[in-house]
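Following: one structure in structure tokens, then a few remarks.
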Amino acid sequence: MKREDTIEIRWHGRGGQGAVTSAELTALSAIHENKFAQAFPSFGPERRGAPVLAFNRISAEHPIRVRSSVIKPDIVVVLDPGLVTLINVVDGLKPGGWLIVNSTRSIDDLQSEFSGDWKLAVVDASSIARELLRVNIVNTTMLGALIKTTGVINIDSLKEQLEVKFGARAKANLEACRKAFATTVISSIKTGGQKKVRTFAVENLAKWSELPVGCVVTDVGNTKQFCTGDWKAQHPVWNDSKCIKCGICSLFCPEFCISQQKDGYFRANEFYCKGCGICAQECWTQCITMVEEA
Amino acid sequence: MTAKRIGIESSLAVAEAVRLANVDVIAAYPITPQTHIVEGLAEMVANGHLDAEYIPVESEHSAMSSCLGASAVGARAFTATASQGLILMHEVLLVAASLRLPVVMAVTNRALSGPLNIWGDHSDVMIARDAGWIQIFAENGQQAFDQTLCAFRIAEHQDVLLPVIINFDGFHVSHVIEPMHFLDQKTVDEFLPPYRHPHALDPDKPVTMGGFAMPNMYTEGRKSLDTALRESKKVILDTWKQFGDIAGRYYKPVEKYQAENADTLLVTVGSYSENAMDAVDKMQAEGKKVGLVRVRLWRPFPYKEIIEALSGATNVIVLDRAISLGGPAPVCSEIRAALYSLKDRPQVVSIVGGLGGRDISPANFEKLIATALDKIKTGDAAETIMFGVRE
Amino acid sequence: METLSIYAPKLITSREYIASGHRACSGCGEVLAMRYVCKALGRNTIISNATGCMEIISTPLPQTAWEVPWIHTLFENASAVASGIECGLKALKRKHGYTREVKVVAMGGDGATADIGLQSLSGAMERGHDFIYVCYDNEAYMNTGIQRSSETPFGASTTTAPSGKASMGQHTWQKNMAAIAAAHEIQYVATSCSSYPFDIMTKVEKAIKIKGPSYIHILSVCPTGWRCPSNSTIKMGRLAVETGIFPMYEIENGKYTLNIDLPKLRPVEDYLKLQGRFRHLDKDNTAEIQEKVLDEYNKVKRLAAGNKAK
Ligand SMILES: Cc1ncc(C[n+]2csc(CCOP(=O)(O)OP(=O)(O)O)c2C)c(N)n1
Ligand code: SF4
Ligand code: SF4
Ligand code: SF4
Ligand SMILES: [Mg+2]
């Protein structure tokens, strides 16, 4: 049983964006404040770009014994703006809980999609990170928004953890945190809006008695059913007027997802494109541009 | 049908069984006391008596890996090993079972280092207990020959498709010349249908073998393997029956010797069983109510037969030829567990003996039984007794 | 680009033997290399794959990206499994009427090849099995999170040989796997790189024709482990070749041919400075690397010029 005072946080990010670091810093700060806390990743083979999860449990009073996944979080933090339309980030979010999102969109705009009986907070962490850290890695910036909205940890204890972890780079990270703290916009509960998220078909996995001998897979090439298009933070856009139809883009795509259309021009299959940007980089005539996902 | 009686070393008899099984691939690495088997096979291949690919691999890990590769394309594969070789193979053993590749392996049981010791002991195979292989013990050369033939039929049966280990003691069986009966080729061909794997690797029907399982798949994978192993018993019993019908030699998962009316039953595994028989005969002649129960089928564990054989006794003495350092001896702990659910259960004493080739003669068996019964009398039977150790 | 016409991609078969939907990192060069290898191999192939990135990203049960027969058992035994497959097929042909001509291919990462699986590879090459071994060298154990291997370059920072106040990271030079393979006196050894699809495919096609073992070592750019942007994968491979850091050559029956012989090599700095794993290196380190790279490059060049090095 989860103790009443335990706060559970679920972090949504992409492999390589540092959601795990966010969770770690949160737990270390809480522990520093003499609280009890846990941080753990979702253990899986997810690679750079794939949607990943990280979790926290924090309690001021009680040692934390539960080690299961967080199913009903009090707080959900979304590091990647693209994820809110891809994944049901509010899945299991408790009534009265917090949804904290990195997005350039206005809070009203977001609320028209994400309203429910939870509170919403928005910060443009990507811009802050790009400005102050000169990379679009928002794992520390978003901690500022977490602190502002929920106060589960305080900024002084975070400061020490940043110093331990980042040394000389701690200062800039802290600054980004503070800026996020100052610019996070908060709304109260507003129910009734439409929730526009993709719903995933529950994977219909075989019963043990249905498994083929030796767990072989006979339906070869069936990863084709799997959408890796979720992984991308940007997608390629073609300007056909410059295209010489050489096929280089297709040759170098690691998802094997660029093919020639009937009209002779090339396009990516968005269902698989992970947004690596190789096609744009390698196109001789530079007719491909990478465009950020909405 | 049954060929004439001949004298031959047990290891070479096993090689002959492998030849009769018309095996396709042998991948092996030498280790005492197994080496005579694979030398015998190499000679057969070199002389053209056996048409097989012989892969003289650079390690036992590769021996088993090569057997997996061969078996995965639908070729019948055999290897033999012991002791350190079996331990080095260990990682691969588990995959053979989980991929359901019916490799057959002879293990001439030998002690584990250290200290280095090349003689008979079951510690090597007891560590492989949980690897998912069918495991059968042979007590003499004839049984080793018979069980090797049966092993291919059991392993490759479409309801089984699991690898099989035939265990027999290093030196005490492997290097002993004994009288035996072989089967002729025609009889073997009728007994042993050709091997076919339903998902053999073949460009005409591509499959993926050996994908990885997340937590949402692994349990189902293990359940399916565990069930296949448990249910293989049906095929094992059926195979032994058929084999008996053609060879006149019948085998059972648990075999009793002079066990009716005995109130003390000694349980043995492997070649010592024959020494124990002599001891039992002598003790019974002296009016002692002592009998013998031998475990032949070790995996899948024959719960039903164990309970049936032992539940009527007052005292059960289990002799393990393996030590589980710091814990209960393996065969005894499983037998104890199997009997525990009975309301009236016998007292069970655990004895470890015969390690690293140390002999237990028939006379020593009498002593061993007496020691065990003493322990029961004094209510001191919880801990494993080490027999024959210099104190 | 390679020295072929820019319209050459059209000449490559559009048939894929690995499906999209695999789970490799965005921008993975290793999966690209594997794609080209498989295109050249075609469907009459059986693959024995070692544990590592390529195995994990392609076969999450109950899915598989593979469309040719494929088996994975363990990390260090791909060559031994391939040995068994090859002999099994031989026996099936001789004894049981199997007729298809199948090329057996073992593949693995640099860890699976140069470290833990070196023994089984050496055994299989020495025994002369008819198979191709392909090493996808991304210069570390990437599947487990960027630990050093014997192929990690001098100066690179990895999680088990990190740079720090007291260390510059990897302080050993890479194991020369091509030379080790060649020392087994096999007929065909080649090096290639994930940014050179035609080179990879030509070499695989050559290897298919060899009866006996052949070995192809492919430098495979890993943006995750090398800490470089995912769109720089192809560029990074080219720089490795153009700086001479990774010479592309063949050893046919012991004779070296340098496939891309550049009149002038680019400075190694052009390559090093773009990757996070080398970020900590100072001028002296870079100079040391530059010197070694030229040495090694010239060694290959001399060998290619007819073993004048003797
Ligand atoms: C016997 C054994 N030891 C360790 C591992 C853990 N392991 C799995 S893959 C891997 C590294 C693979 O590195 P490499 O061969 O270079 O392939 P990459 O992932 O880089 O493509 C390790 C250490 C294992 N699976 N088996
Ligand atoms: S690489 Fe550029 S020019 Fe060539 S086909 Fe692709 S888009 Fe067209
Ligand atoms: S960005 Fe281009 S190269 Fe990369 S996955 Fe998408 S289509 Fe393929
Ligand atoms: S870690 Fe490197 S080699 Fe492995 S999948 Fe990612 S990019 Fe490819
Ligand atoms: Mg590697």
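Convention: sequence-line order gives letters A, B, ...; per-chain numbering from 1. These numbers come from a predicted model, not from an experiment.
Residues L251(A) and F198(C) are in side-chain contact: their nearest non-hydrogen atoms beyond the backbone lie under 4.5 Å apart.
Across all their heavy atoms, S20(C) and T223(A) have their closest contact at O-OG1, 2.9 Å. Nearest heavy atom pair, residue A19(C) against residue G221(A), reads CB-O, 3.6 Å. Nearest approach of S230(C) to I278(A), heavy atoms of both residues: O-CG1, 3.4 Å. The shortest non-hydrogen separation linking W231(A) to A24(C) is CZ3-O, 3.2 Å. Considering all non-hydrogen atoms of both residues, D219(A) and T64(C) come closest at O-CG2, 4.0 Å.
Chain C forms the most heavy-atom pairs under 4.5 Å with one residue out of M290(A), K232(A), K245(A), and that residue is K245(A).
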Side-chain donor/acceptor pairs under 3.5 Å, residues 254-262 of chain A, sequence neighbours excluded:
{"unit_1": "E255(A)", "atom_1": "OE1", "unit_2": "K274(A)", "atom_2": "NZ", "d": "3.0"}
{"unit_1": "E255(A)", "atom_1": "OE1", "unit_2": "H22(C)", "atom_2": "NE2", "d": "3.2"}
{"unit_1": "E255(A)", "atom_1": "OE2", "unit_2": "K274(A)", "atom_2": "NZ", "d": "3.4"}
{"unit_1": "Q260(A)", "atom_1": "NE2", "unit_2": "G264(A)", "atom_2": "O", "d": "2.9"}

With a cut-off of 3.5 Å and sequence neighbours excluded, list every side-chain donor-acceptor pair involving residues 127-134 of chain A.
{"unit_1": "S127(A)", "atom_1": "OG", "unit_2": "D124(A)", "atom_2": "OD1", "d": "3.1"}
{"unit_1": "S127(A)", "atom_1": "OG", "unit_2": "D124(A)", "atom_2": "OD2", "d": "2.5"}
{"unit_1": "E131(A)", "atom_1": "OE1", "unit_2": "K179(A)", "atom_2": "NZ", "d": "3.0"}

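The backbone N or O of G21(C) sits nowhere less than 3.5 Å from a side-chain atom of T228(A) that would complete a donor-acceptor pair.
Only the backbone of C253(A) comes within contact range of chain C, with at least one heavy atom under 4.5 Å from a heavy atom of that chain. Both the backbone and the side chain of I18(C) come within less than 4.5 Å of a heavy atom in chain A. With a 4.5 Å cut-off on non-hydrogen atoms, P229(C) touches chain A through its backbone but not through its side chain. Both the backbone and the side chain of I234(C) come within contact range of chain A, judged by heavy atoms closer than 4.5 Å.
We find that K224(A) and E67(C) are joined by a salt bridge, their nearest charged nitrogen and carboxylate oxygen being less than 4.0 Å apart.
The stretch residues 49-58 of chain C places C53(C), I56(C), I57(C), S58(C) near chain A, each with some heavy atom under 4.5 Å from a heavy atom of that chain. Contact residues of residues 25-36 of chain C toward chain A are C25(C), S26(C), G27(C), C28(C), V31(C), L32(C), R35(C), Y36(C) (heavy-atom distance under 4.5 Å).
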Please lay out, stage by stage, how V220(A) and W66(C) fare under the test side chain to side chain contact (heavy atoms under 4.5 Å, CB included). CA-CA 6 Å; V220(A) 292; W66(C) 290 94; 5.8 Å; no
Check the pair L61(C) / C215(A) against side chain to side chain contact (heavy atoms under 4.5 Å, CB included), numbers first and verdict last. CA-CA 8 Å; L61(C) 285 172; C215(A) 293; 4.1 Å; yes
